[in-house]
Amino acid sequence: MSAPLKKIICVVGARPNFMKIAPVMDAFKQLYPALDVLLLHTGQHYDANMNAQFFEQLSIPEPDIDLEVGSGSHAVQTAEVMLRFEPVLDKEQPDAIIVVGDVNSTISCALVAVKKDIPVIHIEAGLRSYDRKMPEEINRVLTDQISDRLYTTEKLAKQNLAKEGIPAERVYFAGNVMIDTLKKNAEKAVPFTDTLKHYDIKEALTANNYSLLTMHRPSNVDNKEILETLLKTIRKTSKIIPVVFPVHPRTQGKIKKFGLDEYLEDKNIHTLPPLGYRQLVGLMMNAKVVMTDSGGIQEETTALGIPCITLRENTERPITVEQGTNTIVGVDPELIYSTFEDVIKTGGKAGKQPELWDGHAAKRIVTDLVNWLFPLLSGAR
Ligand code: UD1
């Protein structure tokens, strides 16, 4: 009788997970085609422009399982994923699950698996903002605590994990899977002019002559005063160069709820719906500067060498500041504006490529993982 097929479930839930799982699924297919690798989508993000267009553009296979949880409070969303994930594990009996990043789906699935004694693999482990008010920080700390094998994107992460008592032998510095996706897709990026023409934005059609803004953190957009200050400051920067602003549904909702639409009704501010991966990368590559509160964009701008101004008080990705093009400014309007002016005058920080952000992280992860999880299988490959 032949041994049963080895099975791994890869979990995704929200937009930033998709670009992280794509190269991992691909590496499994290339290096270990005999493994049964399933893709499970929790359904945390479900709008076509937050979800389906990423699957299409990144050639991610259709999920084998969709939990369809949708939106809700953190407790509801986490609990729903857990409730719906448990029977999947009972039925599929995987040898391990892989979770990526720091969203609610990451911790929910990790927690269900660990209590069933199923190994949990965490990709993008050990990042710390040391800001426990950030929901993602809670998700990171807890997921790392219950993970059996942890893959890191920068060296400092291992030290963060050591401080929390995680043994060094569980941790493997593999590089950044999101940069694998960026490198693979940079050439296929949609020209920024096509995107801007599509949305009838004529004022920003020259490369290096607009800023790109993204903003969705609860700490920035859920508080009326902070959101208003940010929008006012953004409007001030738009007098220097136009702003292109794809608006996250959370932010859209809050702007409406707080009655702040007037700040966006300006000929130099151009709002768009959330964009596809290739559209956003195209806009990023040709921006004079990017202003953001996203984690992933801090890394992508460093990899592309585009100046980034981060509208947060801290970052869990310090390498983007120490070695990359990132400057952390928080929400102080004067600091945001003066940093912006400085980037316009000087061109911003030059930055360099962080170690192992080379486009091959997923292959290193998959090779190490199979070695660790199925030593016999890896020998027989
Ligand atoms: C989540 C992640 C965050 C990540 C972000 C990227 C957590 C705790 N946060 O935040 O780390 O940076 O995704 O987008 O997991 N909504 C829609 N359509 C959708 C999804 C959401 O309209 O497809 C709206 C809903 O009103 C929802 C709100 O956006 O309540 C927030 O969605 P949610 O998934 O809770 O968190 P994000 O802010 O997207």
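Predicted model, so just to flag it, every value in this text is computed and none were measured. Start at 1 and go down the list; that is how both ligands and their atoms are numbered.
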Q | Option of least heavy-atom distance to atom 37 (P) of ligand 1 (set: His248, Met134, Gln77, Lys254) | A | His248
Q. Quick one: nearest non-hydrogen protein atom to atom 28 (C) of ligand 1, plus distance?
A. Arg250 CB, 4.3 Å
Q) Which residue supplies the protein heavy atom nearest to atom 2 (C) of ligand 1, what is that atom called, and how far is it? A) Val103 CG1, 3.7 Å
Q) Taking the inter-plane angle between the rings of His216 and His248 on a 0 to 90° scale, is it parallel (under 30°), tilted (30 to 60°) or perpendicular (over 60°)? A) parallel
Q. Does the N or O separation between Tyr46 and ligand 1 drop below 3.5 Å for any pair?
A. yes
Q) Strictly by modelled atom types, are Thr292 and Thr214 linked by a side-chain donor-acceptor pair under 3.5 Å? A) yes
**Q.** Top protein contact for atom 26 (O) of ligand 1, by heavy-atom distance
**A.** Ser71 OG, 4.4 Å
Q: Please check if atom NZ in Lys7 has more than 12 non-hydrogen atoms from other residues, nucleotides or ligands closer than 6.0 Å.
A: yes
**Q.** Note: Arg312-Glu316 ion pair, threshold 4.0 Å (strictly below)
**A.** yes
Q. What protein heavy atom sits nearest atom 8 (C) of ligand 1, and how far away is it?
A. Asn104 OD1, 3.3 Å
Q | Donor-acceptor contact present, side-chain Asp293 to main-chain Arg217, <3.5 Å | A | yes
Q) Which residues, ordered by chain and number, are linked to Val190 in its hydrophobic cluster, where ILVMFWY side chains connect at heavy-atom gaps below 4.5 Å, directly or through other members? A) none
Q: Around atom 20 (C) of ligand 1, find the nearest protein heavy atom and jot down its residue, atom name and distance.
A: His45 CD2, 3.2 Å
Q) What pairs with Pro61 under side-chain contact (heavy atoms from CB on, under 4.5 Å), at least two apart in sequence or on another chain? A) Met25
Q: Could you list which atoms of ligand 1 come closer than 4.0 Å to a heavy atom of His216?
A: 4 (C), 5 (C), 6 (C), 12 (O)
Q: For Met50, counting its heavy atoms only, list the atoms of ligand 1 lying under 4.0 Å from any of them.
A: 14 (O), 23 (O)
Q) When clusters are formed by joining ILVMFWY residues with side-chain heavy atoms under 4.5 Å apart, either directly or through shared neighbours, do Ile121 and Val88 land in the same one? A) no
(Q) Tell me whether the rings of Phe54 and Tyr277 are parallel (<30°), tilted (30 to 60°) or perpendicular (>60°). (A) perpendicular
Q. Considering the options Asp358, Asp180, Val177, which one meets the side chain to side chain contact (heavy atoms under 4.5 Å, CB included) requirement together with Arg364?
A. Asp358
Q: Select one of side chain, backbone, both or neither to describe which atoms of Ser294 lie under 4.0 Å from any atom of ligand 1, heavy atoms only.
A: neither
Q: Output the list of atoms in ligand 1 that are nearer than 4.0 Å to some heavy atom of His74, sorted by atom number.
A: 8 (C)
Q: Would you check whether Gly253 reaches within less than 4.0 Å of ligand 1, judged by its heavy atoms?
A: no
Q. Any nitrogen or oxygen of Asn139, main chain or side chain, under 3.5 Å from a nitrogen or oxygen of ligand 1?
A. no
**Q.** Where ligand 1 meets Glu136 - atom numbers and elements under 4.0 angstrom, heavy-atom basis
**A.** 2 (C), 3 (C), 9 (N), 11 (O)
Q) To which protein heavy atom is atom 18 (N) of ligand 1 closest, and what is the distance rounded to 0.1 Å? A) Asp47 OD2, 3.0 Å
Q: Return the residue, atom name and 0.1 Å-rounded distance of the protein heavy atom closest to atom 22 (O) of ligand 1.
A: Pro249 CB, 3.3 Å
Q.
For atom 6 (C) of ligand 1, what's the nearest protein heavy-atom neighbour? Residue, atom name and distance, please.
A. Pro16 CD, 3.5 Å
Q.
So if I apply the side-chain hydrogen bond (donor to acceptor under 3.5 Å, both in side chains) rule between Asn176 and each of Lys20, Glu154, Glu299, Glu124, which one comes out positive?
A. Glu299
